[in-house]
Every structure is written in C-alpha cells, then in structure tokens.
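One structure below.
A, B, ... follow the sequence lines: proteins, then strands. Residue 1 opens every chain. All values below come from the heavy atoms of this structure, side chains included, with hydrogens, waters and symmetry mates left out. Predicted model, so just to flag it, every value in this text is computed and none were measured.
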Number of protein chains: 2
Amino acid sequence: MGKMYKENSLSKNQQIIFDLINKSSEPLKAYTILFSVQKKGIKAPPQVYRALDKLVETGKIHKIESKNAFVACRNSNCEISKATAFSICESCEMVDEISDTKLSKYLSGFNHKKGMKFKRFNLEFFGICKKCKKD
Amino acid sequence: MGKMYKENSLSKNQQIIFDLINKSSEPLKAYTILFSVQKKGIKAPPQVYRALDKLVETGKIHKIESKNAFVACRNSNCEISKATAFSICESCEMVDEISDTKLSKYLSGFNHKKGMKFKRFNLEFFGICKKCKKD
DNA sequence: TTACATAGTGTTATATTATAACAAATTTTA
DNA sequence: TAAAATTTGTTATAATATAACACTATGTAA
C-alpha cells in the first residue's frame, strides 16, 4: 500500500514545498524555494512552479502578487482563495493575511455597476507595521 | 523656449508611452510597449521601465499586478494610486478601473486589528464580463 | 487484476519580466 | 551660469516563469 494522492493529501514535492512555505515567517519567492529544496532532490524551476500552482489552486498557499512571493493560507474563511486580503509592510516586507469577516462579506457582495459578477478578489494593503514604526 | 519638465508635464519617452497606454483598450505589457515604440526611438527595456515607473509614481497609469500589465488611470479619485480597484475578466482579459466612492472610503478607512495603519491599497476583482457571458 | 485515465516527476531548453551600471544630454533650481 | 536633479541611451545580466517531452506513480472501473 504505497502513498496515496487522495483528496486532501499532497504529493511529495507539494508537501516539501508547502512545509517550507508554511514554516516561513515571510513570503517566499520561487527561486528562494528552489535553492532551499535542492538538497531534497527538487532541482529545476518547473518542479517548483508546478507544486506552487497546485498549492495555490487548492488554497493551501496564496500568491502575493505585488511581490511575486508565496505565503501559507492562514484563513479558513478565504474558501480556496476566493476572498483574499493581505497587509504588507513596505519597510520590513512582512505580510499578514487578513481574516475579517465583515470585510470579506462586504467585498464578496460588491457588484460592479457595469454588471460584472465577481467570482473572486484579491486585496493588498500597504503601510508600515507597528514594529517598524518603533524603529 | 525648449521643452519644460514641469509639474504636470511628461518627458518625451514618458509621453510616448503614456499615449500608447492611454489609447489602448486593454492592459499593455512592458515588452509589448517596447516593440510598439521602437520606431519612435525607444529601443531598450530600461527606457520603457523607467517611463513606466515614473508614470506609476505620478498616478498617470496603474500596474495590474496579477497581469504584469499597465493601464491608464481613469479615476480622478484614486489620488495618485493610493486607492485602486479593478475588475478583470478572466475570459477576455479586459480590465476596468472601478471608481466607487463608497468602496474607496470603506477600504481607506479600514484598519487592521494588529494596529497597522494603511497608506495604500490595491484591489483586484475577477470574474466573467457581460460580453463574455453572452458568447 | 488488468487496462485505462489522471496526476505527478525529472529534465533541458527557452521565454518573459525586470534591473544594474555607466556615460551623456537635458532641464530645473538657485 | 553653475550646480543639482532628471532623463536618456546603451550594454549586459538578473529574476521570474513556461514549453515540451519522456517517464513514473496513482486512482478508477471493467
């Protein structure tokens, strides 16, 4: 009975890459990931990007578009990345996923005047975090 | 009396690139721009990226982060890109800048529980536009 | 259990997006 | 007009991402 690639389980590469992102305190870039996992046998960009694509698709991680970097999902309410919001410090680069039910509901219910029905949104807030303000 | 680089005026390259983006009905990518303006003497990527950086900085254009592409600003309320929102069709790639005072106010007033004060936000909505729904 | 379909892997090469660094010209400010 | 700031032109290269192909592993269903 070998490893099974079922509903919620991750493949070997996906698991390696998810673990790395999940334990990171900051967003990771694809090539940073690549360099970090080369000792584990993941040697080429496509292996990383494929795992990243799948992890994004299944909502285990999110891409921070303004940084081309990836963070683990910390929000059970984002429903496979249909409603994502982040706060980003422009000084230390820290990224925090925002879990705010009101915000999420407000935006999920928002409808464009021009009649487009939205399936998904991504919101990125920028500022200086508490920590950096002190310095 | 030569050309003047005053407050609101654009330099030669900036103007050429702004005009191109401004008359485009869809977001333009940096290298698409580069190829389009080569006959006007703009031959290398840094010339394009520098103009783009400046135009973004002054709020004449916005970058659509999820597409690495640029659109002209259509919203006098976004105040030099401090409060940007877009609707993006996942089928035809059309991008529309959203000018919604309520939305803008709501988000500008939003404050993170963790005490971070936001200076700026960017919001991208995704869906299928009216036109594409019909097809 | 076999066979078929689907998903994942490994690999090489290449495409796409973006910046570094430096010399020269133009424009603004004082 | 001299100094400062901005813009330009240029070459080279860095960083991000995908195409294509051969192969292996897993899941599904007769």
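With DNA chain D read from its 5' end, the first of the two nearest nucleotides for B:Gln47 and A:Arg50 is the one closest to B:Gln47. If A:Pro45 and B:Lys29 are placed on DNA chain C by their nearest nucleotide, the residue sitting closer to the 5' end is A:Pro45.
One atom, CG of A:Leu34, and another, P of D:dA17, lie 12 Å apart when rounded to the nearest Å. The CG atom of A:Asn68 sits 14 Å away from the C1' atom of C:dT19 (whole-angstrom rounding). Atom NZ of A:Lys54 and atom P of C:dT9 are 10 Å apart (whole Å). Atom CD1 in A:Ile42 sits about 17 Å away from atom P in D:dA17, given to the nearest Å. Remark: C1' of D:dA15 and CD1 of A:Ile33 are 14 Å apart, rounded to the nearest angstrom. In this structure, A:Asp53 atom CG and C:dG8 atom P are separated by 11 Å, rounded to whole Å. In this structure, A:Gln14 atom CD and C:dA7 atom C1' are separated by 9 Å, rounded to whole Å. As rounded to whole Å, 18 Å separates atom P of D:dT13 from atom OH of B:Tyr49.
For C:dT17, the OP1/OP2 oxygens have no side-chain nitrogen or oxygen of B:Lys67 closer than 4.0 Å. Considering only side-chain N and O atoms, A:Asn13 lies under 4.0 angstrom from the phosphate OP1 or OP2 of C:dT9. In terms of phosphate contacts, A:Lys12 brings a side-chain nitrogen or oxygen within less than 4.0 Å of OP1 or OP2 of C:dG10.
The closest donor-acceptor contact from the side chain of B:Lys131 to the backbone of B:Cys92 lies at 3.5 Å or more, if one exists at all.
Out of D:dT11, C:dT11, D:dT7, the shortest distance to the side chain of B:Pro46 is found at D:dT11. When the nucleotides D:dA17, C:dA20, C:dG8 are ranked by their closest atom to the side chain of A:Ser11, C:dG8 comes out on top.
Between A:Glu90 and B:Arg120, at least one side-chain N (NZ, or NE/NH1/NH2) sits under 4.0 Å from a carboxylate O, which counts as a salt bridge. A salt bridge between B:Glu57 and B:Lys54 is present, with a side-chain N of the basic residue lying under 4.0 Å from a carboxylate O of the acidic one.
Residue A:Val48 is tested with A:Thr32, A:Ile33, A:Asp53, A:Ile16 for a side-chain contact (heavy atoms from CB on, under 4.5 Å); the sole match is A:Ile33.
Judged by a 6.0 Å distance limit and a 45° cone about the ring axis, B:Lys119 is not positioned over the six-membered ring of A:Phe126.
For B:Tyr31 and C:dT17, the ring-to-base geometry satisfies the stacking test (centroid distance below 5.5 Å, interplanar angle below 30°).
Looking at heavy-atom distances under 4.0 Å, B:Lys63 makes contact with sugar-phosphate atoms alone, never a base.
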